[in-house]
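These notes concern the structure reproduced below.
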Amino acid sequence: MRIALIRPGLGRLEMRRYRSRACLEPKALQILADLSPEDVEVSAIDDRFEDIPYQEHWDLVALSVGTFQARRAYEIADRFRGQGVPVVLGGFHPSFCPEEAAEHADAVADGEAEGCWPRIVEDAGRGRLRPRYQRKKSPEPAPSQRRRDVFRYKSYMPVNVIQFGRGCNHNCDFCCIRAFYRNGLQHRPVTEVVAEIARAGRKWIFFVDDNLVADREQAKQLMQALIPLGIRWTTQASLDFVDDPDLLALMVRSGCMSVVIGLESLDKSNLRQMNKGWAQVTDYERQLAIVRDHGIMVYATFVFGYDNDGPDVFDRTLDFAMEQKFFLANFNQLQPYPGTRLYQRLQKEDRLIYDRWWLDPRYRFGEAVFHPRGMTADQLTEGSQRARTSFHSFAGIGRRLLDRKANLANPYNALTYLLVNLSSRQDILRKQGLKLG
């Protein structure tokens with residue numbers, strides 16, 4: 001039995017397919033490969049930089065689909081099905097939009113792969129795929145990277161992508177993590193994670209956890225075990241970790257080089273609306289200073305478009321990001337994803353510009369998809385892009401580099417800073433205005 005595991009790309013710019021130049025190994029495809037029986041031949045195909053091998057013989061095609069990739073995924077699925085190849089769609093988007101996904105698939109998988117993929121492979125081998133596979137409960141994360149050969153000879157960044165846990169202890173209005181993982185926090189055994197890192201032999205690690213420090217005691221156990229490995233790592237975390245000195249010390253000792261932190265807004269009313277009232281804007285500068293003092297670079301994310309945002313929010317936020325000399329920053333307009341309370345609220349208030357923006361042929365990447373209260377949709381689009389391009393200008397990159405506590409704390413940080421910023425600059429300039437599909 002031959003199975004093609006596909007990670008769909010975003011779409012096209014003019015008549016050229018958009019190809020990202022800095023890709024990490026797609027964790028979802030690795031998990032699917034690891035869960036497949038040894039006697040099944042699996043191939044991982046990344047539409048971000050590879051051509052889809054429609055001409056080859058496949059017994060099953062499986063696509064892991066996010067909302068931004070949905071239109072492209074449906075195009076790929078339809079073509080395979082037109083050739084008589086059965087197709088399974090899974091991931092966040094099909095889990096939240098199963099009826100929509102079912103129009104383009106022989107089977108739709110709901111939830112984590114561990115809860116349904118082994119049954120899907122077994123049923124496909126018998127020629128008896130069911131239309132819908134639903135998990136009964138959140139499964140334990142599977143052991144990973146048993147079949148690393150699926151990514152051999154592919155042009156990914158030399159970073160080992162590791163997952164320690166899933167889920168988040170917070171429940172932000174715009175985020176679909178809690179809805180997908182059904183409110184649970186799950187962790188793999190520390191010994192298993194350490195063994196996986198040692199087997200891979202890479203010294204640069206990205207923990208793709210939604211919030212690595214959601215369970216601080218689990219995080220401390222992991223970091224204590226990482227210390228002998230001599231690695232350098234990055235992850236996503238909520239800013240409240242800085243108030244635990246023991247955790248912060250372990251992060252430094254175990255090789256933490258940078259953290260992705262969702263600051264989201266500098267307005268406390270917006271934070272309350274997004275159900276993030278636990279974050280204190282008045283503490284941001286103090287907390288961020290602590291992170292920098294420990295030599296850890298900060299990749300901050302912001303969201304524009306909540307009800308208390310006016311046209312002045314872009315310059316204020318950009319000025320703050322430059323003053324803090326962030327390693328990187330994302331300036332995102334609020335994006336209502338299906339399955340979130342935000343999407344349901346905006347739909348109920350009749351504020352969506354496109355009912356299903358991910359499928360609408362008029363939508364272009366970077367556009368606002370709803371009517372904000374404090375500005376026009378065009379102002380939200382233009383202001384967000386202006387903040388991105390200014391932050392990632394050559395002058396902006398040079399100014400932010402001059403932070404001796406974090407960005408220039410050591411040669412590793414400095415090299416990473418330059419390489420990632422230049423790559424991110426290219427990506428931002430090329431993606432704006434992209435047509436999905």
Side-chain angles (χ1 to χ4, degrees), residues 10 18 20-24 66-69 92 157 168 170 172-177 206-212 234-239 257-267 270-271 274 276 279 281 284 288 291 296-306 309 313-337 340 342 364-369 372 380-393 396-397 399-401 403 406-407 416-417 419-434:
L10 278 176
Y18 168 76
S20 179
R21 299 179 182 180
C23 296
L24 294 173
T67 300
F68 271 105
Q69 297 82 34
F92 272 69
M157 295 179 68
C168 183
H170 301 301
C172 299
D173 175 67
F174 58 83
C175 184
C176 51
I177 296 297
F206 178 40
F207 288 104
V208 293
D209 297 42
D210 306 299
N211 183 358
L212 186 70
T234 187
T235 192
Q236 303 174 104
S238 51
L239 186 54
M257 185 169 59
S258 64
V259 287
V260 183
I261 300 174
L263 298 180
E264 319 309 2
S265 179
L266 303 179
D267 184 280
N270 285 341
L271 290 172
M274 66 180 70
K276 199 165 183 174
V281 175
Y284 278 179
L288 291 168
V291 180
I296 299 174
M297 299 187 292
V298 175
Y299 180 164
T301 66
F302 297 95
V303 176
F304 298 134
Y306 268 96
D309 282 341
V313 68
F314 309 107
D315 289 339
R316 286 192 294 106
T317 307
L318 176 61
D319 289 344
F320 177 81
M322 294 301 297
E323 289 167 4
Q324 293 297 318
K325 292 183 171 59
F326 289 134
F327 160 47
L328 279 176
N330 272 352
F331 301 93
N332 302 311
Q333 65 268 28
L334 188 58
Q335 198 79 21
Y337 289 95
T340 63
L342 170 68
R364 297 294 183 271
F365 187 92
E367 285 185 6
V369 298
L380 178 55
T381 298
E382 187 277 331
S384 301
Q385 182 62 9
R386 177 162 44 85
R388 293 184 201 108
T389 53
S390 180
F391 185 84
H392 290 90
S393 67
I397 292 172
R399 179 182 164 191
R400 290 183 287 109
L401 174 62
D403 176 11
N407 299 337
T416 301
Y417 176 95
L419 291 177
V420 174
N421 268 274
L422 293 174
S423 175
S424 181
R425 170 186 163 83
Q426 284 187 324
D427 219 35
I428 286 169
L429 295 177
R430 293 172 67 233
K431 278 199 300 188
Q432 183 70 19
L434 183 76

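Taking both residues in full, the closest heavy atoms of Thr317 and Leu266 are given as CA-CD1, 4.0 Å, listed atom of the first, atom of the second, then distance. Here the shortest heavy-atom pairing between His392 and Ile397 reads O-CD1, 3.6 Å. Contact between Ala237 and Asn211 at its shortest, heavy atoms only, is CA-OD1, 3.4 Å. Minimum interatomic distance between Leu288 and Phe320 (heavy atoms only, all atoms of both residues): CD1-CZ, 3.9 Å. Leu318 approaches Ala387 most closely through the heavy-atom pair CD1-O, 3.8 Å. When all heavy atoms of Met274 and Ser265 are compared, the pair lying nearest together is CE-CB, 4.1 Å.
The distance from the CZ atom of Arg388 to the CZ atom of Phe302 is 13.0 Å, given to the nearest 0.5 Å. Atom CG of residue Leu380 and atom CG of residue Asp309 lie 8.5 Å apart, to the nearest 0.5 angstrom. To the nearest 0.5 Å, atoms CG (Leu212) and OG (Ser238) are separated by 10.0 Å. In this structure, CD1 in Ile296 is found 8.5 Å from CD1 in Ile261, a value given to the nearest 0.5 Å. For the atom pair Leu419 CG and Met157 CE, the distance stands at 7.5 Å (nearest 0.5 Å). Gln324 contributes atom CD, which lies 11.5 Å from atom OH of Tyr284 (distance to the nearest 0.5 angstrom).
Under the salt bridge (charged side-chain N to carboxylate O under 4.0 Å, His left out) criterion, Arg364 pairs with no residue, sequence neighbours left out. Every residue was checked against the salt bridge (charged side-chain N to carboxylate O under 4.0 Å, His left out) condition with Glu367, not counting sequence neighbours, and none meets it. Listed by chain and residue number, Phe331 satisfy the ring pair (Phe, Tyr, Trp, His ring centres under 6.0 Å) test with Phe391 (two or more places apart in sequence, or in another chain).
At least one donor-acceptor pair closer than 3.5 Å links the side chain of Ser393 to the backbone N or O of Ser390. Lys276 places a side-chain N or O within 3.5 Å of a backbone atom of Gly262 that can act as its donor or acceptor partner.
Considering only heavy atoms from C-beta on, Phe68 comes within 4.5 Å of Gln335 through its side chain. Inter-residue side-chain proximity for Thr416 and Ser258 is flagged as unmet; no heavy-atom pair is nearer than 4.5 Å. Counting heavy atoms from C-beta outward, Val420 and Tyr299 have side chains that stay 4.5 Å or more apart. Counting only heavy atoms from C-beta outward, the side chains of Pro336 and Val369 approach each other to under 4.5 Å. For the pair Arg386/Asp315, a side-chain contact is recorded, criterion being any heavy-atom separation below 4.5 Å from C-beta on.
Taking the six-membered ring for Trp and thresholds of 30 and 60 degrees, Phe327 and Tyr417 have ring planes inclined between 30 and 60 degrees apart.
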Go through it in stages, so that I can follow the logic: the residues are Phe326 and Asn407, the test is side chain to side chain contact (heavy atoms under 4.5 Å, CB included), and I'd like the CA-CA distance, side-chain angles, deciding distance and then a yes or no.
CA-CA 8 Å; Phe326 289 134; Asn407 299 337; over 6 Å; no
Please report the C-alpha distance between Val281 and Asp267 in whole Å, then the side-chain angles of each, then the deciding distance to 0.1 Å, and finally whether the side chain to side chain contact (heavy atoms under 4.5 Å, CB included) criterion is met.
CA-CA 7 Å; Val281 175; Asp267 184 280; over 6 Å; no
Can you list the steps and then say if Leu10 with Gln69 is a side chain to side chain contact (heavy atoms under 4.5 Å, CB included)?
CA-CA 5 Å; Leu10 278 176; Gln69 297 82 34; 3.9 Å; yes
Does Phe304 form a side chain to side chain contact (heavy atoms under 4.5 Å, CB included) with Thr381? I'd like the steps, not just the answer.
CA-CA 9 Å; Phe304 298 134; Thr381 298; over 6 Å; no
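Screening Met257, Arg400, Lys325 for a side-chain contact (heavy atoms from CB on, under 4.5 Å) involving Met297 leaves a single residue, Met257.
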